Protein chains: 4
Amino acid sequence: MRVREGNKEADILDAAIKVFAKNGFHNAKIYKIAESAGIATGSVYLYFKNKEAILNKIFENLWGQLYQAISELKQRNDINSIDKIDQLINLFFNIFYNKPELAIVFVNEQINVSHKKDGLWLKYNERFIEDGEEILTDGINKGVINPNINVKAFRYFLLGGLRYMLDNWAKDQKALSINILRQNVKLIIKNGILS
Amino acid sequence: MRVREGNKEADILDAAIKVFAKNGFHNAKIYKIAESAGIATGSVYLYFKNKEAILNKIFENLWGQLYQAISELKQRNDINSIDKIDQLINLFFNIFYNKPELAIVFVNEQINVSHKKDGLWLKYNERFIEDGEEILTDGINKGVINPNINVKAFRYFLLGGLRYMLDNWAKDQKALSINILRQNVKLIIKNGILS
Amino acid sequence: MRVREGNKEADILDAAIKVFAKNGFHNAKIYKIAESAGIATGSVYLYFKNKEAILNKIFENLWGQLYQAISELKQRNDINSIDKIDQLINLFFNIFYNKPELAIVFVNEQINVSHKKDGLWLKYNERFIEDGEEILTDGINKGVINPNINVKAFRYFLLGGLRYMLDNWAKDQKALSINILRQNVKLIIKNGILS
Amino acid sequence: MRVREGNKEADILDAAIKVFAKNGFHNAKIYKIAESAGIATGSVYLYFKNKEAILNKIFENLWGQLYQAISELKQRNDINSIDKIDQLINLFFNIFYNKPELAIVFVNEQINVSHKKDGLWLKYNERFIEDGEEILTDGINKGVINPNINVKAFRYFLLGGLRYMLDNWAKDQKALSINILRQNVKLIIKNGILS
DNA sequence: CATGAATGAGCCTTCATTCAT
DNA sequence: AATGAATGAAGGCTCATTCAT
């Protein structure tokens, strides 16, 4: 039998991230992904049921990583809630630091991932949200975070802000350093923009 | 494209917003838009060159409106920069207050709008950005806004946060009132989350 | 609007019968059917949901015709059961007399027709069988048909014999006249082969 | 194609009969046949040139058996023509008695067997037909069979009837015993259905 | 001989766009 | 202007067959 050299599944995922980032999910052609992965078109289907399953796997990996990290973060006793949110922000920048194409996919293709309950990414996502809200609530209860902040509203705003920053950075990395973005998020989130 | 009584162009745009919001640009069928607009499929092409042109027009209208509003806002002398940013935030919530479907299209389909230079929306968008940055810079110069804030980073963060909030609100309007969202953005932006 | 000339649905069915007869259902290409019908490939799908639906329609028409005919035959009072069976045999030969390709499809593609309950052909087929068995049972009860004949076995044998005859005739019409076949079926069925 | 212990060629043929019977030739997947035969997909091609060759072999074996049997039958002097036809009918029922799946393949997939002259099954088939017609002609000449019977028409009718009976029996063996079918064929063929 | 991963030709189907009326 | 039937390019996916091991 022919033995697989390397990891074809990973090759396909990497190729798909590139093609999805460049063309968007709907304009991404399977044969382009296969070409980029250095395999034949049909071989894609040895590893993934269909085009959507590739995108699902990308998000499964991503949200799995995000959930794993926030889960550990939540349990730490050595830092307070504000520092945990600081680390949470770092988390996003670190994950995408060397992967601008992944950032573009993360931000723009979430809408195309299947929301069927069989998706593992959805579970990770839900748990991530739970842990994130828990960190915030904990901060409010402990008096370090403004109790007037609505947890859900904060989540939307922070995540949305991060996503849009990452997307813009990824599309033109020279325009603005990722670290400037990181610092500004933290600054605004913690202190607002008043001088 | 002559516009008759009943304004079919507007009918098509309204229909397209509904269908784009529900299915996404790539899964939106022209015949569904036509059906929703109460005209025949082929008639869509009397008013728009193609599917993309419909989306372009939606964004042209939107960014035109946004530019118009920020332009006026910028020139006001009766309020300071912080209040102008306050009004800017209001602007977004007000525009989409009764148009959740338009919010969904605004947030999710920006990526599908042609970036060719012939697009009027792009000009409005650029000018909107210019005016927005001017308001912020002005605030910094006048000492009311923290000078450590990077103008571009702030723009990405605020717009991203607003977009994501609006998207989530639009998809489940009962979950969180739009005014809670509005208040929280302002609170966070101005004061941060520290208690 | 473009007005249909002739009857495209009928054109497609005729074309499909030709292509199915020549290549079999699974080797029949939609573009070949379209070509034969004088239309574009995509136009086939204006009239039929998919390839299978074309075959279904062919069988719906056929069994509808057969059911209609046997239904009338059953109710006749002017002829006895034996004559009804005689007419039943005629029925098959008459239907396919000028349509050898249809005969080939009828015999060979029945197996590829969907047996889902939504198929109208199935209802016609079931009713045809009911009426056929009724005619035979009636003949037995009235003493004109040998009571040792099993109704179902007879049905299988007669229909199978007719089908195979028609198939062979259709594939080589010069080899044996359809009327010789017709006479022989009747002869054998009624009297057997003993001299 | 060397045959080893366990006779993989036979295993493949048995597996193929099952899969062909269940799904039909065109919906039968090679990997399913291999799976059922307990070998790897690629190994099928060590024993058969391609999918069609498997079907050819099935028919070669079948028609070889049928030819062999009719050949012996033809030469017998101890029974008359009518009894030979009786035995001929038995022949079909006996061959498929314990092999309903083979019956289904025999009846439905004949159309998919290659008719290229290189097929051994075709020779057996032709010789079978010759011998069968000879038996009938002999019966006519000896006055035991009705001389009005057309030999070819009789062949079509009998074989068609038998095929269809076997197919229906194989698909629902509980509905009607194979022996009832057998008796009815003989009854009808010999005496007709008149009472 | 045996394996099963890899290949890639091939086709059904969709749907944005066109155009005869 | 309006219609909607007709078009046909395009691509996701299947699976018989191959071949490196």
Side-chain angles (χ1 to χ4, degrees), chain A residues 1-5 8 26-35 37-54, chain B residues 1-6 8 25-35 37-54, chain C residues 1-5 8 26-35 37-54, chain D residues 1-6 8 25-35 37-54:
Chain A
M1 66 167 192
R2 262 185 238 179
V3 170
R4 306 197 313 207
E5 303 165 17
K8 293 250 169 78
H26 287 103
N27 288 117
K29 321 293 180 202
I30 291 289
Y31 73 83
K32 280 285 179 191
I33 294 174
E35 187 181 81
I39 60 174
T41 301
S43 301
V44 172
Y45 293 85
L46 295 174
Y47 297 90
F48 297 94
K49 190 191 162 202
N50 53 30
K51 193 176 164 185
E52 195 180 275
I54 303 176
Chain B
M1 286 188 293
R2 205 183 333 156
V3 174
R4 296 185 330 150
E5 45 152 2
K8 294 218 177 139
F25 180 74
H26 286 102
N27 288 115
K29 322 296 182 201
I30 292 289
Y31 77 84
K32 279 284 179 191
I33 294 174
E35 186 182 82
I39 59 173
T41 302
S43 301
V44 172
Y45 290 83
L46 296 173
Y47 297 90
F48 296 95
K49 189 189 161 202
N50 54 30
K51 190 176 167 185
E52 198 180 270
I54 304 175
Chain C
M1 65 167 193
R2 259 184 242 181
V3 170
R4 306 196 314 205
E5 303 164 18
K8 291 250 170 77
H26 287 101
N27 288 116
K29 321 298 179 198
I30 291 290
Y31 73 84
K32 280 284 179 192
I33 293 174
E35 188 182 80
I39 59 174
T41 301
S43 301
V44 172
Y45 292 85
L46 295 174
Y47 297 89
F48 296 95
K49 191 190 161 200
N50 53 31
K51 193 176 162 183
E52 196 180 274
I54 305 175
Chain D
M1 290 189 289
R2 205 185 332 156
V3 174
R4 297 184 330 151
E5 45 152 3
K8 294 215 176 140
F25 181 74
H26 285 103
N27 289 117
K29 322 295 181 200
I30 291 289
Y31 77 84
K32 279 284 178 191
I33 294 173
E35 187 182 83
I39 60 173
T41 302
S43 301
V44 171
Y45 290 83
L46 297 172
Y47 297 90
F48 295 94
K49 189 190 163 202
N50 54 31
K51 191 175 166 183
E52 197 179 273
I54 303 175

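Source: prediction; values computed, not measured. Residue numbers begin at 1 in each chain, while the letters A, B, ... track the order of the sequences.
With rounding to whole Å, C/H26 atom NE2 is found 15 Å from F/dT14 atom P. Between the CG atom of B/L46 and the C1' atom of F/dT3 there is a distance of 9 Å, given to the nearest Å. Per the geometry, NZ belonging to C/K32 stands 12 Å off P belonging to E/dC12, to the nearest Å. Rounded to whole Å, atom C1' of F/dA2 lies 20 Å from atom OH of B/Y31. Going from atom CG of A/N27 over to atom P of F/dA10 covers 13 Å, rounded to whole Å. Across the protein-nucleic acid pair, D/I54 atom CD1 and F/dT17 atom C1' stand 12 Å apart, rounded to whole Å. As rounded to whole Å, 15 Å separates atom C1' of E/dC15 from atom CD of B/E35. As rounded to whole Å, 13 Å separates atom P of F/dA16 from atom CD of D/E52.
The side chain of D/A40 lies closest to E/dT3, out of E/dA6, E/dT3, E/dT7. Across E/dA5, E/dT3, E/dT17, the shortest atom-to-atom separation from the side chain of A/Y47 is found for E/dA5. Closest to the side chain of A/N50, out of F/dC13, E/dA6, F/dA6, is F/dC13. Listed candidates were E/dG8, F/dG12, E/dT13. Nearest to the side chain of A/Y45 is F/dG12. The nucleotide whose nearest atom lies closest to any side-chain atom of D/K29 is, among F/dT3, F/dC15, F/dT18, F/dC15. The side chain of B/K51 lies closest to E/dA16 when the candidates are E/dT7, E/dA16, F/dT17. Here the side chain of A/I30 is nearest to one of F/dG12, E/dG8, F/dA16, namely F/dG12. Closest to the side chain of C/S43, out of F/dT7, F/dT3, F/dG4, is F/dT7.
Nearer to the 5' terminus of DNA chain E, by closest-nucleotide assignment, is the contact made by A/I39 (compared with the other of A/I39 and B/T41).
As the counterpart of F/dT21, E/dA2 is assigned, both hydrogen-bonding distances of the Watson-Crick or G-U wobble pattern falling under 3.5 Å. Using the Watson-Crick or G-U wobble rule with both distances under 3.5 Å, E/dT7 pairs with F/dA16.
Between the NZ atom in D/K49 and the CD1 atom in D/I54 there is a gap of 12.5 Å [rounded to 0.5 Å].
Inter-residue side-chain proximity for B/I33 and B/K51 is flagged as unmet; no heavy-atom pair is nearer than 4.5 Å.
For the pair A/Y45 and A/I30, the tightest heavy-atom approach, listed with the atom from each and the gap, is OH-CG1, 3.6 Å. The two residues C/A34 and C/V44 make their nearest non-hydrogen contact at CB-CG2, 3.8 Å.
For F/dA16, neither phosphate oxygen OP1 nor OP2 lies less than 4.0 angstrom from any side-chain nitrogen or oxygen of D/K49.
Contact annotation for B/A28: backbone-only contact, meaning every heavy-atom pair under 4.0 Å involves sugar-phosphate atoms and none involves a base.
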